[in-house]
Colleague: 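Before we start, here is the structure in question, set down as structure tokens.
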Amino acid sequence: MTLDKFEKDILQSVENGEWESKNNKEDKLKELQSYIKNQKKKAISIRINENDIYELKKKALENSIPYQTLIQMLIHQFASNKIKLDF
């Protein structure tokens, strides 16, 4: 296989030890979580069973928060592995 000048420069750089591995998964995870927290919210549309919406609204009312905020909290907690699904 023949390398062009750019590829040879990269190979030489790697062989000279100029590159570092970023195997620290915890630091990467924290970096990604920080990035996600700073993201803008996006509106989506999903179909949800009417009874589930009723129950969510009831629980939101019991906790004195808007039901959409409750749904956002549930999605965030699931996405960040704070809650898990039971199958």
Side-chain angles (χ1 to χ4, degrees):
M1 174 167 60
T2 305
L3 301 176
D4 64 22
K5 181 180 177 348
F6 178 73
E7 293 168 330
K8 287 178 184 176
D9 288 343
I10 291 174
L11 179 60
Q12 185 65 42
S13 176
V14 171
E15 290 174 346
N16 289 340
E18 297 172 7
W19 295 80
E20 291 182 26
S21 174
K22 293 192 175 187
N23 287 333
N24 192 337
K25 291 180 183 179
E26 289 182 23
D27 287 344
K28 187 66 175 173
L29 181 60
K30 286 178 185 177
E31 180 184 332
L32 291 172
Q33 287 173 336
S34 174
Y35 176 76
I36 289 169
K37 284 182 182 179
N38 293 322
Q39 289 293 302
K40 293 180 182 178
K41 291 187 168 93
K42 178 158 180 100
I44 63 168
S45 176
I46 59 173
R47 296 189 185 280
I48 299 177
N49 181 299
E50 280 187 55
N51 292 333
D52 291 339
I53 291 290
Y54 173 79
E55 291 299 325
L56 285 168
K57 285 182 177 182
K58 189 168 90 174
K59 289 180 186 273
L61 188 59
E62 291 169 1
N63 290 283
S64 302
I65 59 173
Y67 79 98
Q68 291 178 334
T69 302
L70 176 62
I71 293 169
Q72 287 176 354
M73 291 169 61
L74 290 169
I75 291 170
H76 174 73
Q77 288 180 0
F78 177 73
S80 59
N81 292 320
K82 292 180 182 171
I83 58 174
K84 301 202 183 287
L85 295 178
D86 289 334
F87 288 103

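Numbering starts at 1 and runs along the sequence shown.
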Colleague: Counting heavy atoms not belonging to Glu50, are there more than 12 under 6.0 Å from its CD?
Modeller: no

Colleague: Please name all residues satisfying side-chain contact (heavy atoms from CB on, under 4.5 Å) with Glu7, sequence neighbours left out, ordered by chain then number.
Modeller: Leu3, Asp4

Colleague: Working to the nearest 0.5 angstrom, can you tell me the gap between Tyr54 OH and Lys59 NZ?
Modeller: 11.5 Å

Colleague: Could you grab the distance from atom CD1 of Ile48 to atom CD1 of Ile71, nearest 0.5 Å is fine?
Modeller: 5.0 Å

Colleague: So, does Asn49 use its side chain to make a donor-acceptor pair with the main chain of Asn51 at under 3.5 Å?
Modeller: yes

Colleague: What pairs with Asn16 under side-chain contact (heavy atoms from CB on, under 4.5 Å), at least two apart in sequence or on another chain?
Modeller: Gln12, Glu18

Colleague: Measuring from Phe6:CZ to Ile10:CD1, what's the distance to the nearest 0.5 Å?
Modeller: 3.5 Å

Colleague: Which residues satisfy the side-chain contact (heavy atoms from CB on, under 4.5 Å) test with Gln77, sequence neighbours excluded?
Modeller: Lys82, Ile83

Colleague: Looking at Lys58 and Glu55, is any side-chain nitrogen of the basic one under 4.0 Å from a carboxylate oxygen of the acidic one?
Modeller: yes

Colleague: Atom CD1 in Ile75, atom CD1 in Ile46: separation rounded to 0.5 Å?
Modeller: 6.0 Å

Colleague: What's the verdict on side chain to side chain contact (heavy atoms under 4.5 Å, CB included) for Leu61 and Lys57, showing C-alpha distance, side-chain angles and the deciding distance?
Modeller: CA-CA 6 Å; Leu61 188 59; Lys57 285 182 177 182; over 6 Å; no

